[in-house]
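Everything below concerns the one structure shown next.
Below, chains carry the letters A, B, ... as their sequence lines are ordered, and counting in each starts from 1. Note that the coordinates shown come from a computational prediction; the quantities given were computed from them, not determined experimentally.
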Amino acid sequence: MTRRAESMSRLIKAATPTLLGLFGVFLLALPVRIAEGHIPTPLLPLVIVFFWSIYGPNYLPAASVFAIGLLQDFLSGGPLGLWPGVYLFTQYIVLSQRSYFLGREQKVVLIGFAFAAASAALIIWLVMSLMSGTLLPFRGLVGQMAVTIVSYPLFSAGFAQFHRRVIVENS
Amino acid sequence: MDVLGQDRREGLGRRAESRVTLLTLILVSILLLLSSLYSAEASVFRKARETVMDAAAPALAMFSGPISYIQKTVGDIGDYFNVMKQNEALREENAELRQWMNEALALRETVAAYEALSAYHAPPGVHPINAVVIGESNDVYSHSMLVNAGARDGVKSGQAVIDAAGLVGRIVDVGQNAARVLLLTDVQSRAPVYIEGADVEGLLVGRTKARPAISFTESSEPVIFAPGQRVLTSGAGGVLPRGIPIGVVAAEREGEAIVDLYANYARTRLVRVVNYKFPTVEPVEEEEPSADGTDEAGREAAAVAPETVQAAANATAPVSAPAALIAAEHTQAAPPPAPPEPADADEETSPEPVAD
């Protein structure tokens with residue numbers, strides 16, 4: 001492989017988590033409607049932000065997280081700044097607890113994710129209630145976060161394989 | 001997982017500056033939020049939104065096709081298991097609809113007789129724009145959908161969006177090739193409605209739940225309505241045309257009417273943007289000599305009784321238009337490329353021989 005091709009492949013690998021995050025937002029904007037809309041779509045970008053903040057924060061810098069959140073705001077039609085704030089806050093919390101999570105069992109990490117998702121939900125509820133001037137119902141939000149938490153082990157197992165075999169290997 | 005723990009400097013970011021950047025960007029997000037709190041409709045934000053929507057539309061359209069195919073296939077498998085039950089339900093519904101058809105045919109004759117009267121002025125026609133849902137917000141507190149019709153197709157902000165069942169929402173953002181539909185369940189959604197048979201008007205307010213509620217203006221008289229009564233757009237405010245069916249009153253809670261929507265957002269796919277212009281009353285100008293006789297006749301017809309036109313439009317007239325549209329959609333599997341335009345009679349054409 002020439003040096004140029006090598007540096008190109010390196011750049012692509014480095015950008016993969018960011019691209020995955022943007023793709024996650026894109027998936028969220030599609031009319032997926034699992035079980036005729038009875039099951040809310042899991043927040044894949046939140047999983048991506050959480051996962052790479054623990055296992056490879058250099059692959060998902062704050063600017064990427066901001067871009068992912070901003071794209072979600074644009075596509076969902078919500079107030080600008082909400083999702084970047086939520087994702088960056090999640091990244092901040094995870095980075096501060098990173099040394100605790102590294103090398104832990106996945107069960108522990110899942111509990112950590114549940115806490116992160118709950119605090120993200122709390123922020124979203126507070127901000128949206130403030131913006132709409134009334135206390136909004138939070139049942140739907142709890143449902144969406146629950147689906148995201150339940151699907152976390154599945155996504156994280158996939159991302160772990162991907163990270164190990166493609167991104168880090170031979171980089 | 002041990003390999004995952006390795007901290008390599010191969011990524012996009014550099015560790016040393018990451019914490020500062022992170023905090024700065026959090027601050028930027030908060031500032032953005034505050035600015036959208038105070039100037040939600042700032043033109044820069046709106047433009048950015050529309051640009052992103054336009055850029056994403058082709059890709060969303062490409063992916064939403066296969067998704068709807070899968071949904072349909074899965075739905076078909078589900079249908080296979082309860083085909084007998086569905087058959088029975090459809091047979092009952094068919095019998096009921098036949099009665100309605102006979103009643104509608106009788107009414108059509110009566111209406112035609114009234115339309116032939118010289119005092120009748122047809123309301124402006126409705127020109128629906130067909131569109132397919134290519135995206136939706138999937139967000140708990142922002143309920144909207146993206147459709148593949150935009151300014152290039154004649155879609156404008158504020159227009160009503162209907163499907164086979166009834167009102168879906170209204171257009172809020174318009175790009176060149178795509179537009180955003182604010183659903184009735186969104187917390188920002190407000191639609192002027194009336195309850196049929198109860199003679200009350202109110203605002204249908206979205207509450208992020210599946211069933212929005214009608215809030216009534218404060219009045220000394222109690223508002224009386226009953227579950228099962230139909231809810232339709234009232235046309236107040238001059239944005240949504242009058243008479244588009246929305247749903248039925250399900251219950252009463254704290255003085256508000258909870259409404260069961262006709263629209264099923266889990267199945268909404270083909271929609272129509274109702275390009276409806278409210279008739280405006282223009283001051284009658286001085287007569288100018290015109291070479292074209294028919295033109296003059298048309299102007300005369302328009303000038304006869306502007307208040308009648310306004311009254312007709314505000315009262316009952318456009319009811320027939322969207323209703324007929326919906327009826328047309330019921331009878332056809334897919335919307336025709338050139339949609340039928342009932343009540344399309346313009347002032348020049350409709351009250352023809354009787355007017356003289």
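Note that the CZ atom of Phe74(A) and the CD atom of Glu50(B) stand 11.0 Å from one another [nearest 0.5 Å]. Considering OG of Ser29(B) and CG of Asp73(A), their distance stands at 8.5 Å, rounded to 0.5 Å. One finds the CG atom of Leu80(A) at 7.5 Å from the OG atom of Ser35(B) (value rounded to the nearest 0.5 Å).
Under the 4.5 Å side-chain criterion, counting only non-hydrogen atoms from C-beta, Leu70(A) is in contact with Leu32(B). Residues Pro137(A) and Lys209(B) have side chains in contact (heavy-atom distance under 4.5 Å, counting atoms from C-beta outward). Using a 4.5 Å heavy-atom cutoff, the side chains of Leu75(A) and Ser137(B) are not in contact. Two residues are said to be in side-chain contact when any heavy atoms from C-beta on lie closer than 4.5 Å; Leu95(A) and Leu22(B) meet this criterion. Leu33(B) places a side-chain heavy atom less than 4.5 Å from the side chain of Pro79(A). Taking 4.5 Å as the limit, some side-chain heavy atom of Tyr141(B) sits within range of a side-chain heavy atom of Leu141(A). Taking the side chain as every heavy atom from C-beta outward, Pro61(A) and Thr21(B) never approach each other to under 4.5 Å.
The main-chain N or O of Asn138(B) is found under 3.5 Å from a side-chain atom of Gln144(A) such that the two form a donor-acceptor pair.
Using a 4.5 Å cut-off between heavy atoms, Ile34(A) makes no contact with chain B at all. With a 4.5 angstrom heavy-atom cutoff, Phe138(A) touches chain B via backbone and side-chain atoms both. Both the backbone and the side chain of Pro84(A) come within less than 4.5 Å of a heavy atom in chain B. Only the side chain of Met128(A) comes within less than 4.5 Å of a heavy atom in chain B; its backbone stays farther off. Ser144(B) touches chain A through its side chain: at least one heavy atom from C-beta onward sits under 4.5 Å away, while N, CA, C and O do not. Contact annotation for Phe66(A): only side-chain heavy atoms (C-beta onward) come within less than 4.5 Å of a heavy atom of chain B. Heavy atoms of Trp52(A) lying under 4.5 Å from chain B are absent altogether. Proximity to chain B is limited to the side chain of Val127(A), based on heavy atoms less than 4.5 angstrom apart. Contact annotation for Phe26(A): both backbone and side-chain heavy atoms come within less than 4.5 Å of a heavy atom of chain B.
Cation-pi check for Arg33(A) over Tyr265(B) is not met; the charged atom does not lie both under 6.0 angstrom from the ring centroid and within 45 degrees of its normal.
Interface remark: of the candidates Val187(B), Thr24(B), Leu60(B), Leu60(B) forms the most heavy-atom pairs closer than 4.5 Å to chain A. Ranking Ile70(B), Ile134(B), Ile30(B), Leu182(B) against chain A, the residue ahead of the rest is Ile134(B), based on heavy-atom pairs under 4.5 Å. For chain A, the option among Leu25(B), Asp139(B), Leu27(B), Ile67(B) with the highest count of heavy-atom pairs below 4.5 Å is Leu25(B).
More than 12 non-hydrogen atoms from other residues, nucleotides or ligands lie less than 6.0 angstrom from CZ of Phe216(B). Residue-environment remark: CZ (Arg207(B)) exceeds the threshold of 12 foreign heavy atoms within 6.0 Å.
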With side chain to side chain contact (heavy atoms under 4.5 Å, CB included) as the criterion, how do Ile124(A) and Val140(B) come out once you've worked through the C-alpha distance, each side chain's angles and the decisive distance to 0.1 Å?
CA-CA 9 Å; Ile124(A) 295 164; Val140(B) 180; over 6 Å; no

